[in-house]
Protein chains: 2
Amino acid sequence: MQALKYSRQREAIKEFLLSRTDHPTADTVYTNIRQEFPNISLGTVYRNLSLLADIGEILKISTSEGGDRFDGNTMPHYHFICTKCNSVIDLDLKNMEHINELASVNFNGKIEGHIAHFYGQCEKCISKH
Amino acid sequence: MQALKYSRQREAIKEFLLSRTDHPTADTVYTNIRQEFPNISLGTVYRNLSLLADIGEILKISTSEGGDRFDGNTMPHYHFICTKCNSVIDLDLKNMEHINELASVNFNGKIEGHIAHFYGQCEKCISKH
DNA sequence: ATATGTGCAAACCTTTTGCAGTCAG
DNA sequence: CTGACTGCAAAAGGTTTGCACATAT
């Protein structure tokens, strides 16, 4: 078991994510945190993002394009990902726990959860036409 | 526009995927195709997998653990991913197009589709306890 | 003939890790 | 004091790409 000591870097990363709703990448976190901690290393950013995601204080969002995104909002919710600009936007969609049961029909394993991402074009990209 | 010429390598890759239901990685495809084409390169495998996915003849499944998986079954369907062994299994779950409309409520972009992956433990990993 | 496909190898991008030193409890 | 955390740099893992040659049409 790991004892978890305080670290200013970790707090700053968490604070930063709470201040944003645009689901930054690890590199974006790194670039921004460096304004406060010029010597922080990318490795430390990754280690803390992993740790925070493991203990449930942030969410890690795996995307097909580019790197993973991180979310300071840990309330269960779904994401929209723009296929043009790759921006990740929160959706106002209630949790769909029931689809786990639908998926369990005729399946001989144990389904414990799901992720769902919605794709299309975001408002900005539509208007850029 | 690209003219698309026949290639034995590409056909072999497509055939291989059609013969499997376990959603192999690019590297698994490479290893197996090499039995028929000992000199094929990994680059060629990636190029053809991308091309086939682009023209809709195979599906590319992005996972959070390890590399992408590929599926010769292009019928719309959902996948279960085991959190222990990372195996990817087809689910017998009818298409849930309607959740796109649910997600569109209060959203100012255009939702064109979704992906959903279910997580948990597969039958084999449960019995390995 | 010529555009597309291939093999090879190098490059790329994101993420992880080993190490020696630093810091919190 | 001790284990957790850090910066650094190297390495890992998966994927893409530039090039010269081969092949399909």
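A, B, ... follow the sequence lines: proteins, then strands. Residue 1 opens every chain. Predicted model only: the values in this text are computed from it and were never measured.
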Looking at B:Ser7, does any N or O in its side chain come under 4.0 Å of the phosphate oxygens OP1/OP2 on D:dA24? no

Please state whether the phosphate of D:dG7, meaning OP1 or OP2, lies under 4.0 angstrom from any side-chain nitrogen or oxygen of A:Gln9. yes

Kindly say whether B:Val45 contributes a backbone atom to a donor-acceptor pair with the side chain of B:Ser41 at under 3.5 angstrom? no

Once you apply a heavy-atom cut-off of 4.0 Å, does B:Asp27 come out as touching a base, just sugar-phosphate, or nothing? nothing

Looking at every strand, decide which applies to B:Tyr46 at a 4.0 Å heavy-atom threshold: base, sugar-phosphate, or nothing. base

Look at the side chain of B:Arg47 against the base of C:dG7 and say whether a donor-acceptor pair falls under 3.5 Å; ignore hydrogens and angles. yes

Given the structure, check if the side chain of A:Lys5 and the base of C:dA24 hold any donor-acceptor pair shorter than 3.5 Å. yes

Please tell me which of the listed nucleotides, D:dT6, C:dG7, C:dT15, lies nearest to the side chain of B:Thr44? C:dG7

Is any side-chain heavy atom of A:Leu17 less than 4.5 Å from a side-chain heavy atom of A:Pro24? yes

[X] [atom1] to [N] [atom2], straight-line distance once rounded to whole Å:
{"X": "B:Leu4", "N": "C:dT2", "atom1": "CG", "atom2": "P", "value": "21 Å"}
{"X": "B:Arg10", "N": "C:dG7", "atom1": "CZ", "atom2": "C1'", "value": "16 Å"}
{"X": "B:Asn86", "N": "D:dG14", "atom1": "CG", "atom2": "C1'", "value": "15 Å"}
{"X": "B:Arg8", "N": "D:dT23", "atom1": "CZ", "atom2": "C1'", "value": "9 Å"}
{"X": "B:Asn39", "N": "D:dT23", "atom1": "CG", "atom2": "P", "value": "12 Å"}
{"X": "A:Asp68", "N": "C:dT15", "atom1": "CG", "atom2": "C1'", "value": "9 Å"}
{"X": "A:Glu11", "N": "D:dC5", "atom1": "CD", "atom2": "P", "value": "12 Å"}
{"X": "B:Tyr30", "N": "D:dG13", "atom1": "OH", "atom2": "C1'", "value": "15 Å"}

Sub-6.0 Å ring centroid separation between B:Tyr78 and B:His114: yes

Ranking A:Gly43 and A:Leu51 by the position along DNA chain D of their nearest nucleotide, the one closer to 5' is A:Leu51

By nearest heavy atom, map B:Ser50 and B:Tyr6 onto DNA chain D; which one lands nearer the 5' end? B:Ser50

Name of the residue among B:His79, B:Lys60, B:Arg20 meeting side-chain hydrogen bond (donor to acceptor under 3.5 Å, both in side chains) with B:Asp71: B:His79

Strictly by modelled atom types, are B:Thr31 and B:Thr28 linked by a side-chain donor-acceptor pair under 3.5 Å? no

